Amino acid sequence: MAPRLLAAGDDPVRPGPSTPLTIDVDGEPVTGIRGQSLAGVILAGGTLALRRTSVHGGPRGVFCGIGVCYDCLVEVNGQRDVRSCQRRAADGDVVRTQYDPLPEAPEGDHA
Ligand code: FES
């Protein structure tokens, strides 16, 4: 069997030059590269808490990274409940971290 060493520049699967992008995370510009997930760009920008729990307001971030836990929900371009680990970042995306407090109990409801 012949060795298959290739010069780095001749490797057909070698990725090309990266294309930068910028998204807005809670009003702050965050840069990434095309192909990254929103969660990847947001985490690299230093934001670890993507949403807060309704009951106690506890921070939640990327837990599973495969679309199962829903801990990475954010609002993207006005669309709520987007799993940021499952969506590719696009230049100009506007991302808002989410917090939905529980509604107040009606007056006299002691249940
Ligand atoms: S990190 Fe679990 S669904 Fe995104």
Side-chain angles (χ1 to χ4, degrees):
M1 176 180 277
R4 296 205 40 151
L5 289 176
L6 295 171
D10 297 334
D11 186 348
V13 296
R14 182 182 168 91
S18 58
T19 304
L21 58 82
T22 302
I23 64 172
D24 176 301
V25 180
D26 289 337
E28 297 293 326
V30 178
T31 58
I33 58 173
R34 188 187 310 194
Q36 278 186 297
S37 67
L38 274 174
V41 175
I42 295 168
L43 289 173
T47 299
L48 303 181
L50 305 178
R51 71 176 184 92
R52 295 195 171 273
T53 61
S54 296
V55 176
H56 299 293
R60 293 293 182 265
V62 175
F63 181 66
C64 71
I66 57 172
V68 175
C69 73
Y70 289 73
D71 271 351
C72 64
L73 295 179
V74 292
E75 179 182 308
V76 183
N77 303 327
Q79 180 183 5
R80 297 180 46 77
D81 302 330
V82 174
R83 289 173 292 172
S84 59
C85 70
Q86 297 298 295
R87 180 160 173 161
R88 295 243 170 129
D91 194 39
D93 276 345
V94 177
V95 177
R96 298 290 175 257
T97 53
Q98 289 191 191
Y99 174 57
D100 299 310
L102 291 177
E104 295 289 324
E107 194 74 24
D109 185 359
H110 302 290

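Since the model is a prediction, treat every value here as computed from it, not as a measurement. Values below: every heavy atom of this structure, side chains too, minus hydrogens, waters and symmetry copies. Counting starts at 1 for both ligands and their atoms, in listed order. Nothing fancy with the numbering, it's 1 onward along the sequence.
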So CG of Asp91 and OG1 of Thr22: to nearest 0.5 Å the spacing works out to 5.5 Å
Ile42 pairs by side chain to side chain contact (heavy atoms under 4.5 Å, CB included) with which of Val30, Asp26, Thr97, Leu50?
-> Leu50
What distance separates Arg60 CZ from Cys72 SG, expressed to the nearest 0.5 Å?
-> 13.0 Å
Stepwise side-chain contact (heavy atoms from CB on, under 4.5 Å) test for Val74 and Arg87 = CA-CA 11 Å; Val74 292; Arg87 180 160 173 161; over 6 Å; no
Looking only at atom types and distance, does a side-chain atom of Ser84 sit under 3.5 Å from a main-chain N or O of Leu38, one as donor and one as acceptor?
-> no
Locate the shortest heavy-atom distance separating Thr53 from Tyr99; write the atom from each residue and the value.
-> O-CE1, 3.2 Å
What residues come within 4.0 Å of ligand 1, counting heavy atoms only?
-> Val62, Phe63, Cys64, Gly65, Gly67, Val68, Cys69, Tyr70, Cys72, Cys85
